[in-house]
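One structure below.
For ligands, and for the atoms within them, numbers begin at 1 and follow the listed sequence.
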Amino acid sequence: MKLTELEKKMRGGVAGDVIAEAMDYLIQFGEAFGAEKLVDINYCHYPAEMGIYYGDIDDLVKYAARGAKVRVPTTTSTLCADLEKPWITGIPGKLAELQAKVEPAHRSMGILETYTCTPQLLGFVPPFGSYIASVESSAIIYFNSVLGARTNRGGLFTRFSAVTGKYPLMGYLLKENRYGTHLFNVRIPVKRLQTYDAWCALGFIIGKIVGSEIPVIQLPITKFQDPILQRTDWLLGLGAALATSGSVTLFHIPGVTPEARTVKEAFKNGKVPKNVYEIREKDLDDVYHQVNNIPSGADIDFVTLGCPHYNLAQIAYVARQLEGKHISRGVRFWICTNRMTRKQAEYSGYIKKIEDAGAKVVADTCPVESHMRQSTCREYGLEVPNVRNMVTDSVKMVRYVKDLIGCNTVLTDTDKCIQSALKGKCANTNGTNNYE
Ligand code: F3S
């Protein structure tokens, strides 16, 4: 790999052993994948060191104690605890204390304590075409597709990019690897695409087919001015789902996402797609039949909104729906977000309305990342499974809680999630439930 004089000196130890080691890892990594050189990144979304992973926190604390400092603006992904209000999720005290050790370590490294899967909501919006390093599949696909920044799935190497400001020029950083591979013509009536869960379901279908390649999605709406295409939260849900049923890292929607103004442009000026698919309403219905296994009217004990973490407008909507009402006894209702959005929601009076109704706005974490995983419950002597029947508007949540928490699930729209929480019963899901 060709290195600049400065990069050679960094590897040689002129900036200390932390940088030298990180450069060495990045160079070996890049050489293994045939990268010609390193490039400068302008932003990093850093892996959360998690209390539920053995040795993760110790490793971070030791790394920070070596004097590691980040060189680019760096945000952090989710944790297993709400560090500001640990009691809110019922996490065992010992685990919350362990998780809290990340804060001083991250602060000493210059890492911003955002603890979220949606750092873009906090203004971390890397410019089009810029190189970044990121973890968290839903954030990575959003950065690549909706913003047009360039990142691979960063994994553990993200740490080395954060402290050096470098990443090997390879994978999705190269324009030639960013063209579409498969074309999906969506033939679903626009009226079915008016809710967050529907976009999640659409992503789930396409991700399953395309695997790790790059889908080009033609929607039944063509004008960008259509309000449906201005819902970045729906694009976020779509991307998170693509990265859940498949391992999609980049998608294009001609006329909407910035790298493909037309289908022709998405496929490298007219290159033929490997395959063309038609996605119909029945395919959408099949997703609900596949993931929903709680009968309508059955008792539920958990409702989750905010996967990926909700923005302020979404929280405001839930607050309006819950105002003056009370959720059913025995139901835990979490609306997950980041700590800054929760503060904003507090100022605006939304948190009070939500809490008065008996629901909780949870920051820093979510059910998937929390202590409710079966393995963690066993370790801390909690009931397993800790949740039996969960209703949610996110297919990513459904997919992971099934395996990790071991609960039954229903995917439905946000309004029906709220109705379910109020009644304590699974709301009628309009024929999209397996059991109807
Ligand atoms: Fe975020 Fe948790 Fe969903 S980390 S993307 S809310 S599974």
Exercise. Nearest protein heavy-atom contact for atom 1 (Fe) of ligand 1: which residue, which atom, what distance?
Worked result: Cys117 SG, 2.4 Å
Exercise. In the protein, which heavy atom is nearest to atom 5 (S) of ligand 1, and how far is it?
Worked result: Lys396 NZ, 3.4 Å
Seminar exercise, completed: Quick look: Cys307 vs ligand 1, heavy-atom contacts under 4.0 Å, and the answer is both
Problem set entry | ligand 1 contacted by Ser77 (non-hydrogen, < 4.0 Å) | no
For this session: Tell me, please: is Cys336 in heavy-atom contact with ligand 1, that is, under 4.0 Å?
Result: no
Proximal atoms of ligand 1 relative to [X] (non-hydrogen, under 4.0 Å):
X      : answer
Val368 : 7 (S)
Ser138 : 5 (S)
Gly306 : 6 (S)
Thr78  : 4 (S)
Cys366 : 2 (Fe), 4 (S), 6 (S), 7 (S)

For this session: Check the surroundings of atom NZ in Lys208: do more than 12 heavy atoms from other residues, nucleotides or ligands lie under 6.0 Å from it?
Result: no
For this session: Would you confirm whether the ring centroid of His106 sits within less than 6.0 angstrom of the ring centroid of Tyr115?
Result: yes
Problem set entry | Side-chain donor/acceptor of Ser394 to backbone N/O of Cys307, under 3.5 Å | yes
Parallel under 30°, tilted from 30 to 60°, perpendicular over 60°: which one fits the rings of [X] and [Y]?
X      : Y      : result
Trp334 : Phe302 : perpendicular
Tyr63  : Phe160 : perpendicular
Phe29  : Phe157 : parallel

Seminar exercise, completed: Partner of Thr75 under side chain to side chain donor-acceptor pair (under 3.5 Å), picked from His45, Glu136, Gln120, is His45
